[in-house]
J.: 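A single structure is presented below for examination.
Computed from heavy atoms alone, side chains included, the values below leave out hydrogens, waters and symmetry copies. Owing to the predicted nature of the structure, the values given are computational and were not obtained by experimental measurement.
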Amino acid sequence: MGHAAPLALAALCVSAAGLALAVAAAAAPHWLSRATLGAYLVQDEVFSEGLWQTCVERALLGHRQCSEYFTLLAAPGALQPARALLPPAVLLALLGVAVAAPPACCRCRAPRLLLAGGCALGLSGALCLAAVGFVCARVVRDFFDPFVPEPQKPELGSSIYVGWAASAALLCGCALLLCSAYAQQEQQQEEARDLDPTAPSNARWQQRVSYI
């Protein structure tokens, strides 16, 4: 199998890590965060908003309470694009890993499966990157907007950075799968030329091309 099999296995591991990060980013309620100051400039309450629920944590009491959004449009406007883009990204990543797993784990040559899995992972990484990018752009715009009150200006939560890591891992897995598919296809073509006695050898073919 040459170097194609280890490359496909590495691509599968990176893609699985990207899938896990994407699921964690979508599930965690830490996309946006706001803090209120109490007496002596101590953080009294910390509000964190996610794609599916919002949480409030009282720092002095150590108490945390979360509540889900009752409607689809109840989430903040900054998170609406992420709610629309991240679930398809997770499904495409799951599909890409499922398609690329058999040829990567069983060490069988299936460049078309690797190509299909790589395309699905690439689209998943692009959707995840777009979801995180929309939220970041909205947060930066509101932060520098003088008409937005100071207590209503959100900050980037930890799920944003997890989303960045997920998109990077998914795109890296896509690139590795495409390289592995190309390597397997080249190996199949070389073996086909070796088995065909009528096909000219590589050295003779190069001599004919240089002579022409």
Side-chain angles (χ1 to χ4, degrees), residues 12-38 41-98 120-174:
L12 182 63
C13 294
V14 174
S15 303
L19 174 60
L21 290 174
V23 172
H30 301 292
W31 283 75
L32 303 177
S33 63
R34 297 182 181 88
T36 59
L37 298 179
L41 299 179
V42 178
Q43 287 186 356
D44 187 16
E45 293 180 340
V46 178
F47 296 89
S48 58
E49 296 172 332
L51 300 182
W52 318 110
Q53 61 182 355
T54 178
C55 299
V56 57
E57 181 178 359
R58 293 172 175 85
L60 297 179
L61 301 177
H63 178 68
R64 183 180 180 183
Q65 184 178 2
C66 298
S67 62
E68 297 181 356
Y69 301 122
F70 295 102
T71 61
L72 293 176
L73 300 178
L79 298 179
Q80 291 294 338
R83 293 189 66 174
L85 294 176
L86 205 56
V90 173
L91 293 178
L92 284 173
L94 182 61
L95 178 63
V97 171
L121 289 171
L123 185 57
S124 173
L127 291 177
C128 186
L129 185 63
V132 178
F134 279 130
V135 176
C136 290
R138 184 66 178 271
V139 170
V140 171
R141 190 192 67 179
D142 292 343
F143 183 81
F144 290 102
D145 190 355
F147 297 101
V148 177
E150 193 68 26
Q152 297 182 3
K153 292 184 177 181
E155 296 181 0
L156 298 177
S158 58
S159 296
I160 297 291
Y161 304 100
V162 176
W164 286 115
S167 60
L170 291 173
L171 292 176
C172 183
C174 166

J.: Give the minimum heavy-atom separation between Pro88 and Ala84, together with the two atoms involved.
T.: CD-O, 3.3 Å
J.: Working to the nearest 0.5 Å, report the span between SG of Cys128 and CG of Leu86.
T.: 5.5 Å
J.: Closest heavy-atom contact between Ala82 and Ala131?
T.: CA-CB, 3.9 Å
J.: State the SG-CD distance between Cys55 and Glu68, to the nearest 0.5 angstrom.
T.: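 Going from SG on Cys55 over to CD on Glu68, the span is 10.0 Å.
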J.: Going from CG on Leu127 to CG on Leu92, what distance comes out if it is rounded to the nearest 0.5 angstrom?
T.: 6.0 Å
J.: Considering only heavy atoms from C-beta outward, does the side chain of Leu94 approach that of Val23 to under 4.5 Å?
T.: no
J.: Give the minimum heavy-atom separation between Cys66 and Gln53, together with the two atoms involved.
T.: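 Scanning both residues completely, I find the closest heavy atoms to be CB-OE1, 3.9 Å.
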J.: At their closest point, which heavy atom of Gly50 faces which heavy atom of Leu79, and how far apart are they?
T.: O-CD1, 3.2 Å
J.: Quick check: does any side chain N or O of Trp31 sit under 3.5 Å from a backbone N or O of Ala25, one acting as donor and the other as acceptor?
T.: yes
J.: For the residue pair Leu19 and Val90, establish whether any side-chain heavy-atom pair is separated by less than 4.5 Å.
T.: yes
J.: For residues Thr54 and Tyr69, determine if any side-chain heavy atom of one lies less than 4.5 Å from a side-chain heavy atom of the other.
T.: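 Sidechains of Tyr69 and Thr54: in contact.
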J.: Which heavy-atom pair separates Ala166 from Leu21 by the least distance, and what is that distance?
T.: CB-CB, 3.6 Å
J.: Mark yes or no for whether Glu49, through its side chain, and Ala75, through its backbone, hold a donor-acceptor pair below 3.5 Å.
T.: no
J.: Side chain to side chain contact (heavy atoms under 4.5 Å, CB included) with Ser167: which of Val162, Val132, Leu129?
T.: Leu129
J.: Would you give me the side-chain donor-acceptor pairs under 3.5 Å for residues 153-160, sequence neighbours excluded?
T.:
from: Lys153; atom 1: NZ; to: Phe143; atom 2: O; distance (Å): 3.0
from: Ser159; atom 1: OG; to: Ala28; atom 2: O; distance (Å): 3.4

J.: Determine yes or no for a side-chain-to-main-chain donor-acceptor pair under 3.5 angstrom, with Arg83 supplying the side chain and Leu51 the backbone.
T.: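 Yes; at least one donor-acceptor contact below 3.5 Å.
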J.: Any idea which heavy atoms bring Ser15 and Leu170 closest together, and the distance?
T.: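 Closest approach of Ser15 to Leu170, heavy atoms only: O-CD2, 3.9 Å.
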